[in-house]
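Counting starts at 1 for both ligands and their atoms, following the listed order. Since this is a predicted model, take the numbers as computed values, not measurements.
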Amino acid sequence: MSQSCSVKKCTRTSRWVCDCCQQNFCLQHLNEHNAFLTSQLNSLNDNIKVLRDRLKTLNIHTAIANSRRKLEEWRQDCYKKIDYLFEQKCQELDQLVEEKIRQQREELNRIYSKITELINAQETTRQDIDLFTLNIRQLETNMNNIEQTCFTINTHPLVIDDKFTLIKTTTERELDLLTLSPVYRTMRYPKESFVSLISNDRYLMMHQQPNLCLVDREM
Ligand SMILES: [Zn+2]
Ligand SMILES: [Zn+2]
């Protein structure tokens with residue numbers, strides 16, 4: 001007994017069983033079935049064309065520019081830290097010398113005033129002369145030391161780890177917590193299970209037990 005075509009209301013006898021879907025078709029409906037499947041191929045190809053066009057006109061310059069800006073900020077921050085340390089060490093050097101010079105100047109002035117005082121009074125003793133001679137010898141030694149001051153600077157090369165900057169690809173919809181700014185302010189949250197804490201035209205922060213959620217309306 002011959003099968004009839006599986007298309008609704010078609011009374012013709014089935015002539016073929018389609019390999020792909022195991023349905024019985026008459027000649028006319030087999031052609032239609034084939035045309036329908038082929039038309040689906042065309043629509044799939046249209047999708048590919050759309051995707052190819054999108055790839056051609058792809059614009060992720062903004063994303064790259066934003067990321068470059070972040071890297072640039074990191075670079076400037078590192079430079080600043082090195083500059084700051086450099087300035088500190090320069091000041092440290094200056095201070096080391098300045099302190100010695102200050103002490104020497106004060107001691108010179110002190111002895112000079114004392115001797116001047118005695119000259120003005122036109123009175124001194126053998127002990128005074130011996131003491132001043134001793135003082136001046138010490139000041140000469142100090143002066144020699146100051147003149148011969150040298151510094152040993154030990155430096156280590158700065159080791160920069162590649163892990164200091166990590167690049168991770170995300171989509172706009174994934175919120176990367178690492179890119180959030182540091183904590184600006186903390187506050188006590190209400191005990192209720194669902195409470196809006198703060199909002200503006202774009203963001204809504206709410207407490208939804210046990211999470212603190214930041215909702216971006218544009219996401
Ligand atoms: Zn089929
Ligand atoms: Zn048919």
With no hydrogens and no angle check, just 3.5 Å: does a side-chain donor-acceptor pair link Asn144 and Glu140? no
With the Zn ion (ligand 2) as the apex, the SG/SG angle for Cys5 and Cys26 - to 10°: 120°
Polar side chain donor-acceptor pair, Glu92 to Gln88, under 3.5 angstrom: no
Please write out which residues are connected to Ile111 in a hydrophobic cluster, directly or through intermediates, given that two of Ile, Leu, Val, Met, Phe, Trp, Tyr count as joined at side-chain heavy-atom separations below 4.5 angstrom. Leu108, Ile115, Leu118, Ile119, Phe132, Ile136, Leu139
The Zn ion (ligand 2) has as its nearest N, O or S atom from His29 the atom ND1
Angle subtended at the Zn ion (ligand 1) by SG of Cys21 and SG of Cys18, to 10 degrees? 120°
Just verifying a value: how many Å separate Glu98 CD and Leu96 CG, rounded to the nearest 0.5 Å? 9.5 Å
